[in-house]
Amino acid sequence: MELLRGDQTTRRGVRLACGVIALAALALAACNNETQTGPIGANTLVFVGTVNGDNATLSGSAVLTIDETRVAATFKIRTPSADAGTAANEAGTASGIAPGDNGTATDEAGTATGTQTSTTLQDITKTWTVDVWKGRPVSITAGTGVGQTRTVSSNTANTLTVSAAWTTTPDGTSDYAITQTSTTLQDITKTWTVDLYKGAAVSITAGTGAGQTSTVSSNTTNTLTVSPGWTTTPDGTSAYVITRTNTLEDNTKTWATDVWKGRTDSITLGTGAGQAKAVSSNNANTLVLASAWTTPPDNTSQYVIKILTSTTLGDPSKSWTKNEWAAQPVFIAAGIGAGQTRTVSSNSENILTVSPAWTKTPDGTSQYLIETTIAITGTYSTSSKAFSATGGGYTFDGAYDGSSRLQGTFTGPSSVSGTFLTERATNNPKAYCGTFTSSTGGDNGIFNVTLHGAILFGMATADAGTVLALDGTVSGSNITVVNPNAPAGPPLATGTVSTDGSMVAGDFDDGAGNLGTWEGARCDL
């Protein structure tokens, strides 16, 4: 939207990706004249306006308070360390139930050789993995100490350490067997992911204990723990099959491990629709649910993992560091819930938890911005009306025109620079952030405007990077945007303020063939 006609001066400004919403001005209490006594002292002036970086790194809003020769200010910014995006639940179509596994339970047996003690049993013919038998029972089946059973507390490549100590220490005549337990099944040939089969069914299909089925309550890399326990304890003859009825696989995904743990997975369409299960773990493409599906999903099943709730905001496209946004404000700039700002109490890789709860829960239309607030202080010259203020690595320099506008330039960390534009806050200003969209193939972009009384001011930033000043008037609920260099000319844009004051919207015509629409939401609340 070239809101300024060809005869208007434009300034090079921040280039923002289409759809990213910039912040606009913050509202502050009114100051009605230059000599009134304000909250800081006499001659208090309050200015509200917008900040635009010229190298695609910063945009936001500013509130400046001048009290005689002192300046105090805050500005909200979107910086390189901040973030923005569109809220979403995680969704997809299932590939079906993830495959299970099968094998034969592993026992071990042999004859004690080497050096024996009251708490060990050695078999120098073995090359076991360290602690592979930890937790398993070991029994003396023949020879010295026959009939004794102990628990393996640890093992090296050829020595078992047992608890409690042997009553009769084994010797070279002692045959031993390492067996399964009544609540586990071990297969040392496996390298499963921990808890991959939690909630799955495991059946003994042949050998000792054949015909039994139990549920996996947890698993290590090679051992299943089951509940209820086996009626007949398996042994090295027991063949087993793991049947997964508590998973959902989507082979189009590359999720981070356990990113959805604790969330609810719902089947919304297709086979199994209407079911919802808690996620106990996940790998790159498979959800493990806390309990089995009544009707297992297949490749017709569409699912949703709900991460948009009354106290959360999720964006599956993100990979944030844990709690990097804690204590920062997050603002809904457009879509459902627009105008709300909440504080992030914690965040995971892609979910913000907020406080207090949203008044209106965001959905897939909600565009959000994580804000950063910087405080600056400085000085003001009553004679030249120039001011300078610094803070947070930023320096603002500008001048007051003596009537209504204070504007200037800023520099910041990492070569950030740009401009700011503020107006006297004389009539309860309200700030709006939004987008403009061409219907004729022209410019699209973002805008921030402030309405106070009958006056509109602000800036628009085209996707191409051009920053345009916006001036206008407000009459009741009607908005008119004009060319600041030709205010008596045809309006560049018109629109309205919603009845509740939360939204602005309208149409634009730059007079050069570019037509379109614009809309924004209140962003200073």
Side-chain angles (χ1 to χ4, degrees), residues 20-29 48 59-63 73-91 256 258-266 276 278-280 282 304-375 391-392 430-434 448 500-503 520-525:
V20 175
I21 307 301
L23 281 175
L26 297 173
L28 205 65
V48 180
S59 62
S61 60
V63 176
T74 60
F75 66 101
K76 283 189 175 181
I77 58 175
R78 177 174 185 247
T79 67
S81 61
D83 211 339
T86 301
N89 290 311
E90 177 71 343
D258 285 348
V259 68
W260 304 124
K261 184 177 180 179
R263 298 291 161 183
T264 298
D265 177 40
S266 301
V279 178
S280 58
N282 71 267
V304 171
I305 303 171
K306 190 174 183 182
I307 55 177
L308 300 177
T309 72
S310 62
T311 57
T312 62
L313 185 148
D315 185 346
S317 69
K318 300 301 182 181
S319 54
W320 295 316
T321 301
K322 183 178 180 180
N323 289 339
E324 69 172 297
W325 302 122
Q328 294 297 322
V330 57
F331 163 67
I332 306 299
I336 294 297
Q340 299 177 97
T341 296
R342 297 294 186 267
T343 300
V344 178
S345 53
S346 64
N347 71 266
S348 65
E349 182 179 67
N350 54 23
I351 301 171
L352 306 172
T353 299
V354 303
S355 180
W358 302 111
T359 303
K360 193 164 189 178
T361 299
D363 67 10
T365 70
S366 305
Q367 297 179 34
Y368 67 89
L369 180 65
I370 302 172
E371 305 165 346
T372 302
T373 301
I374 305 293
K430 299 177 178 67
Y432 298 84
C433 314
N448 358 2
D500 63 1
S502 65
M503 303 289 292
R522 187 83 181 268
C523 54
D524 57 358
L525 300 175

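If you read the sequence from its start, that first residue is 1, and numbering goes on from there.
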- Message: Can you list everything that forms a side-chain contact (heavy atoms from CB on, under 4.5 Å) with Ala326? Sequence neighbours excluded, please.
- Response: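 Ala326 satisfies side-chain contact (heavy atoms from CB on, under 4.5 Å) with Asn323 only.
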
- Which residues pass the side-chain contact (heavy atoms from CB on, under 4.5 Å) test with Lys318, sequence neighbours left out?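 For Lys318 the side-chain contact (heavy atoms from CB on, under 4.5 Å) partners, ignoring immediate neighbours, are Asp83, Asp315, Trp320, Asn350, Tyr368.
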
Inter-residue atom distance [X].[atom1] - [Y].[atom2], 0.5 Å rounding:
X	Y	atom1	atom2	value
Glu90	Asn282	CD	CG	9.5 Å
Ile305	Ile351	CD1	CD1	9.0 Å
Ser348	Glu324	OG	CD	11.0 Å

For [X] and [Y], work out which heavy atoms get closest and say how close.
X	Y	result
Ile336	Thr365	N-OG1, 3.0 Å
Arg263	Lys306	CD-O, 4.0 Å
Asp500	Ser502	OD1-OG, 2.8 Å
Pro316	Ala88	CD-O, 3.5 Å

- Could you tell me whether the side chain of Ser345 and the main chain of Thr353 form a donor-acceptor pair under 3.5 Å?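 A pair under 3.5 Å: yes.
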
- Donor-acceptor contact present, side-chain Asn89 to main-chain Val304, <3.5 Å: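 Judged by distance alone, no pair lies under 3.5 Å.
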
- Task: Give the intermediate values and the outcome of side-chain contact (heavy atoms from CB on, under 4.5 Å) for residues Trp325 and Leu352.
- Result: CA-CA 8 Å; Trp325 302 122; Leu352 306 172; 3.9 Å; yes

- Not counting sequence neighbours, list each pair that qualifies as a salt bridge (Lys or Arg N to Asp or Glu O under 4.0 Å) and has a residue in residues 340-367.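 Every pair satisfying salt bridge (Lys or Arg N to Asp or Glu O under 4.0 Å) with a residue in residues 340-367: there are none.
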
- Task: Can you spot which of Leu308, Thr309, Thr312, Ile332 makes a side chain to side chain contact (heavy atoms under 4.5 Å, CB included) with Trp358?
- Result: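 Exactly one pass, corresponding to Ile332.
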
